[in-house]
Amino acid sequence: MNWPGNKRRRARKRHYLDPGNMYPAPERQIRLQSKSFYPLLKIALFALIIIGLFCLIFFVFVPMFSSMFAPEPAEDIVLQPQTVVAKDPNALDFTRYIKEIIFRRRRIFNPYYNTGEIIVSEGTDNSGSPKGLNIHIVDLEPYETMQVDARKDAIKQQMDITVKNDDLLNVILNEKFIVWVDSKRNGGGSIFCKNRSQDEIFVIKEYAGRAPEISMDGDLITWNEQTGEKSSIIYLYDLSRRRNVTIATLESVPYMASPSFIGGGELVWADGEENQTEHERSQGQKSAIYSVNLKDETHPINIYPTGMYVYGPITNGSVRAWIDANNSPGATLYLGLEDNPPRKVDTDVTGYALCDNFVVYCKNEVIYAYNWTNGVFAVISKPNLKAALASARQNCVIWYDMTSHIEVRDIVNYSRIPDNAFD
């Protein structure tokens, strides 16, 4: 019988056996569309095409066009500021100069050096928490020659200096005077001075707010005192004449917390560059170091523009140092030598101070020194121990060893660096 289905099958057979037909029979096709992995195969093929195009563009066309349109290299480029980078393998090893001061008290505050003496405040309250109750002076000449058991005799407590508020802080001294802050923990306090030759103690000034950081140069001291939310005053005080002078008023938030400093006959502080709008000054992006030469009777104010934010400038009379962030762990340390462009010393600096012929700083819990005359670096503290810089003056560096036993007592180390050590 000629069923319709039979006719269709015969017709298809004749069609596929026709030599002139170039298409294969559907029954013999491999139907990928019906396979379960077909969608994954499409995705993989698409990904390969995209990767191929990316490689073609990135490795062929980009280098080709970059080389065609790259500018010619410039000549005689002067980098501003100058840059020097500390490299530990090339640094001198000054760890042989390390000595420790063993105090009988557990907590030590603000070690400060001047001409063979180190002064500290120390103490704890009844619960064992740090509290500045007493002031001690260490005479290093006998201390370094005494037997360990007898060294306590070279550490003299200033019996006539007693705490009147909460803490004795920020102690400094020279051959003639001892200056300290008697601070209240809820804010405010008094600045005191002792005339060492006359054993006389007098009040320099009452203050409000946080305890000021004080620096000393001969008979003169300076500090920055906050007077409001957006203002502070820089004072200069003559200890012999007991005379106080207002040097400047800072009315910009980025600079009101930056302390003034005096050293080598020069007073320095940070403020915004001249000819800035109030908005630009509030941003603190372009700072200048203002200075007064105290050896010049006319006391002219000099301005050293830096082109960056400046915090806490310090000076020894010939070289200035500062950081570009407000006590931030990522701060960069700079030097200013006369009127030359700022010199970048190192990054990630957490503390710094100026000595007579080198700058000291702490980075990654190691104390370094940099001699600006010959560009030589030195390692002061042992790199395998954790250090926190306390202070540095003249040729002496003082720091805390934070490696261990800090819950038991403060470990105070110091190094006096010989004048020819960097040669």
Side-chain angles (χ1 to χ4, degrees), residues 86 91-101 108-121 137-138 140 144 169-174 179 213-217 221-222 259-264 266 268 311-323 327 331 333-337 343 345-346 348-373 376-383 385-402 410-422:
L92 299 178
D93 183 2
F94 284 179
T95 58
R96 62 186 179 277
Y97 301 121
I98 296 175
K99 293 182 174 61
E100 180 186 351
I101 302 176
I108 307 300
F109 307 96
N110 313 116
Y112 181 93
Y113 175 85
N114 182 80
T115 317
E117 293 181 315
I118 292 178
I119 189 169
V120 302
S121 59
I137 297 177
V138 185
L140 294 181
E144 293 177 352
L169 301 174
N170 301 346
V171 290
I172 57 178
L173 86 165
N174 60 19
V179 177
E213 298 180 38
I214 304 173
S215 57
M216 175 187 288
D217 184 26
I221 62 171
T222 186
S260 57
F261 191 90
I262 188 171
E266 184 180 54
V268 295
Y311 178 85
I314 56 178
T315 179
N316 63 7
S318 58
V319 177
R320 301 160 186 160
W322 68 91
I323 54 176
N327 286 332
L333 174 65
Y334 291 88
L335 289 181
L337 287 78
R343 180 181 300 183
V345 178
D346 213 335
D348 301 321
V349 172
T350 54
Y352 60 104
L354 272 176
C355 290
D356 289 342
N357 61 356
F358 56 91
V359 64
V360 179
Y361 64 95
C362 185
K363 175 178 180 173
N364 298 329
E365 299 180 316
V366 179
I367 309 298
Y368 295 92
Y370 170 70
N371 182 290
W372 53 78
T373 302
V376 174
F377 286 88
V379 180
I380 303 292
S381 66
K382 294 182 179 180
L385 302 180
K386 297 179 180 180
L389 182 64
S391 65
R393 287 191 77 247
Q394 297 169 345
N395 70 332
C396 184
V397 184
I398 310 173
W399 70 95
Y400 294 100
D401 183 343
M402 308 294 291
D410 290 329
I411 300 174
V412 179
N413 292 332
Y414 72 97
S415 292
R416 290 199 282 181
I417 310 302
D419 293 338
N420 60 352
F422 285 93

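A 4.5 Å side-chain heavy-atom check between Leu335 and Tyr370 finds at least one atom pair inside the cut-off. Asn395 places a side-chain heavy atom less than 4.5 Å from the side chain of Tyr113. A heavy-atom distance below 4.5 Å is found between the side chains of Leu140 and Arg416. A heavy-atom distance below 4.5 Å is found between the side chains of Phe261 and Thr315. Using a 4.5 Å heavy-atom threshold, the side chains of Glu144 and Lys99 count as touching. Two residues are said to be in side-chain contact when any heavy atoms from C-beta on lie closer than 4.5 Å; Asp419 and Asp356 fail this criterion. Annotation: side chain of Leu92 is in contact with side chain of Phe94 (closest heavy-atom distance under 4.5 Å).
When all heavy atoms of Ser121 and Asn110 are compared, the pair lying nearest together is OG-OD1, 4.2 Å. Nearest heavy-atom pair, Arg343 versus Leu337, reported as atom, atom and distance to 0.1 Å: NH2-CD2, 4.4 Å. Shortest non-hydrogen contact noted between Val359 and Ala353 is CG2-O, 3.4 Å. For the residue pair Ala392 and Cys355, the shortest heavy atom distance occurs at CB-SG, 3.7 Å. Residues Trp399 and Ile380 approach most closely at CZ3-CG2, 3.6 Å, considering heavy atoms. Here the shortest heavy-atom pairing between Tyr311 and Pro259 reads OH-CD, 3.8 Å.
Rounding to the nearest 0.5 angstrom, the gap separating the CD1 atom in Ile398 from the OG atom in Ser391 is 4.0 Å. In this structure, the separation between CE on Met216 and OG1 on Thr222 is 12.0 Å, given to the nearest 0.5 Å. Atom CG of Leu354 is separated from atom CD1 of Ile314 by 4.0 Å, given to the nearest 0.5 angstrom. In this structure, Tyr334 OH and Tyr352 OH are separated by 13.0 Å, a value rounded to the nearest 0.5 Å. Separation of atoms CD1 (Ile101) and CD1 (Ile118) is listed at 3.5 Å; rounding is to 0.5 Å. Of the inter-residue distances, the one linking Ile119 atom CD1 with Asn174 atom CG reads 10.0 Å to the nearest 0.5 angstrom.
Side chain to side chain, Asp346 and Tyr368 fail the donor-acceptor criterion of an N or O pair below 3.5 Å. Between the side chains of Ser415 and Asn413, no donor-acceptor pair is found at a separation under 3.5 Å.
Applying the ring pair (Phe, Tyr, Trp, His ring centres under 6.0 Å) test to Phe358 and every residue at least two apart in sequence or in another chain returns Phe422. Considering only residues two or more places apart in sequence or on other chains, Lys382 meets the side chain to side chain contact (heavy atoms under 4.5 Å, CB included) condition with Thr95, Ile98, Asn384, Leu385.
For Gln394 (side chain) and Thr115 (main-chain N/O), a donor-acceptor pair under 3.5 Å exists by modelled atom type. A donor-acceptor contact shorter than 3.5 Å is absent between the side chain of Asn364 and the backbone of Val366. Proximity of a side-chain donor or acceptor of Tyr400 to a complementary backbone N or O of Ile108 within less than 3.5 Å is detected. A donor-acceptor pair under 3.5 Å is formed between the side chain of Ser215 and the backbone N or O of Ile262.
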Could you go step by step and tell me if Leu389 and Val397 meet the side chain to side chain contact (heavy atoms under 4.5 Å, CB included) rule?
CA-CA 8 Å; Leu389 182 64; Val397 184; 3.9 Å; yes
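Around CD of Glu213, the count of heavy atoms belonging to other residues, nucleotides or ligands within 6.0 Å does not exceed 12.
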